[in-house]
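A short write-up of the structure that comes next.
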Amino acid sequence: MPALIAPTTRLHAAWLEAHDEWGPGPHEDGFGLRPYDEVRSPTGFAAWVARLADESGRASDRTGRARCTYRWIVEGDKVLGGIALRRGLDDFVRWAGHIGYGIRPSARRRGLATWALGRMLDEADKLGMDRVLIVCAADNIASAKTIERQGGVLETIVDTQLGPARRYRVGTGVHDQRPDRCGRQGTTATPRP
């Protein structure tokens, strides 16, 4: 059974395994990984995890970036993906959205992204966020379907520095107002093993 957990140094080797599976590039959404983060060594990884915890506990970071809650999607001791909930509406949130997520290639097509997005929408609702912006690459059909399964309404497609992107608005509302991954009311569905 999957779970959302706060980033932890305990899963360093498991996180590196997921990271290596993705390969190089800017596609590990939801992890808060920046180009200068050194995550291979235990010391660098611990510093990165500490930064993520620190960003979760402040109103904004030194650059004025919105506060963010990071969660890893895990099953046992295996890291399957990451998801981030950004609060506020700074330039980064306007560009990347309030929620960003990614699932490692070997864990895709199990409903994990839809499940994790539903949990983060619940968290956004608890924080008083009525609607959130979620952005995905225009050609990322799987992500678009994930967002739409959780009630996302396509606002527009815009050109960005990384190519065309779909911009969705999603109401956080009561759980039973959003369809689950099968299109039924409610989001009680759990991912497939």
Side-chain angles (χ1 to χ4, degrees), residues 1-7 11 14-15 17-19 21-22 25-33 52 56 68-87 93 96-157 162 164-193:
M1 186 63 105
L4 289 183
I5 66 165
L11 293 176
W15 187 89
E17 180 185 299
H19 179 67
E21 184 179 317
W22 253 296
H27 44 258
E28 292 173 88
D29 296 332
F31 281 114
L33 189 62
L52 298 180
S56 293
C68 189
T69 299
Y70 296 99
R71 293 290 179 261
W72 291 352
I73 304 162
V74 301
E75 211 164 43
D77 283 341
K78 188 167 187 167
V79 176
L80 304 176
I83 190 163
L85 171 62
R86 304 172 192 101
R87 281 133 15 239
V93 171
H98 288 104
I99 298 176
Y101 55 87
I103 304 294
R104 70 189 287 176
S106 64
R108 293 179 184 159
R109 302 191 54 82
R110 292 180 41 199
L112 289 165
T114 302
W115 172 81
L117 179 55
R119 303 295 74 76
M120 282 307 235
L121 288 167
D122 288 343
E123 187 64 28
D125 186 41
K126 289 176 191 169
L127 292 168
M129 300 170 73
D130 296 343
R131 290 176 5 125
V132 297
L133 171 65
I134 305 177
V135 178
C136 71
D139 63 353
N140 188 341
I141 303 306
S143 192
K145 287 181 179 180
T146 293
I147 297 164
E148 291 166 2
R149 282 185 191 110
Q150 290 294 354
V153 176
L154 181 63
E155 195 173 68
T156 187
I157 298 177
L162 297 177
R166 296 172 183 252
R167 296 173 58 85
Y168 288 88
R169 291 290 175 178
V170 185
T172 62
V174 198
H175 220 43
D176 63 4
Q177 297 299 310
R178 293 191 316 266
D180 68 9
R181 67 180 173 84
C182 300
R184 298 179 304 258
Q185 289 302 99
T187 53
T188 56
T190 55
R192 295 183 299 276

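This one's a predicted model, so the numbers in the text were calculated from it and none came from an experiment.
Glu75 has a carboxylate O that lies under 4.0 Å from a charged side-chain N of Arg110, or vice versa, which qualifies the two as a salt bridge.
Once rounded to the nearest 0.5 Å, the distance linking CE of Met120 with OG1 of Thr172 reads 13.0 Å. The distance from the CD1 atom of Ile134 to the CD1 atom of Ile99 is 4.5 Å, given to the nearest 0.5 Å. To the nearest 0.5 angstrom, Asp125 atom CG is 14.0 Å from Arg131 atom CZ.
Between Leu121 and Gln150, the closest side-chain pair of non-hydrogen atoms falls below 4.5 Å. In this structure the side chain of Ile141 reaches within 4.5 angstrom of the side chain of Lys145, judged on heavy atoms. Side-chain contact check for Ile83 versus Thr69: every heavy-atom pair is 4.5 Å or farther apart. Residues Pro164 and Asp139 are not in side-chain contact: their nearest non-hydrogen atoms beyond the backbone lie 4.5 Å or more apart. Residues His98 and Arg87 have side chains not in contact (no heavy-atom distance under 4.5 Å, counting atoms from C-beta outward). Residues Leu33 and Trp15 have side chains in contact (heavy-atom distance under 4.5 Å, counting atoms from C-beta outward). For the pair Leu127/Leu85, a side-chain contact is recorded, criterion being any heavy-atom separation below 4.5 Å from C-beta on. No side-chain heavy atom of Val132 sits under 4.5 Å from any side-chain heavy atom of Arg169.
Nearest heavy-atom pair across Tyr168 and Cys136 is CE1-SG, 4.2 Å. Across all non-hydrogen atoms, the minimal contact from Leu133 to Arg167 is CD2-NH2, 3.3 Å. Of all heavy-atom pairs between Leu112 and Ala107, the closest is CD1-O, 3.4 Å. Nearest heavy atoms, Cys68 versus Arg86: SG-CG, 3.7 Å. Closest heavy-atom contact between Pro7 and Leu52: CG-CD1, 3.8 Å.
Under the salt bridge (charged side-chain N to carboxylate O under 4.0 Å, His left out) rule, Glu21 has a single partner from Arg108, Arg104, Lys78, which is Arg104.
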Using the rule given for side-chain contact (heavy atoms from CB on, under 4.5 Å), can you reason through Ile147 versus Thr114, listing the C-alpha separation, both sets of side-chain angles and the distance that settles it, and then say yes or no? CA-CA 7 Å; Ile147 297 164; Thr114 302; over 6 Å; no
Show the numbers, then the answer: is there a side-chain contact (heavy atoms from CB on, under 4.5 Å) between Val79 and Ile73? CA-CA 6 Å; Val79 176; Ile73 304 162; over 6 Å; no
So Trp115 and Leu4, side-chain contact (heavy atoms from CB on, under 4.5 Å) or not? Walk me through it. CA-CA 10 Å; Trp115 172 81; Leu4 289 183; 3.9 Å; yes
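In summary, the aromatic rings of Trp22 and Phe31 are positioned with their centroids under 6.0 Å apart.
No hydrogens or angles considered: a donor-acceptor pair under 3.5 Å links the side chains of Ser143 and Tyr101.
With Arg71 contributing its side chain and Ala84 its backbone, the two residues share no donor-acceptor pair below 3.5 Å. At least one donor-acceptor pair closer than 3.5 Å links the side chain of Arg166 to the backbone N or O of Ala138.
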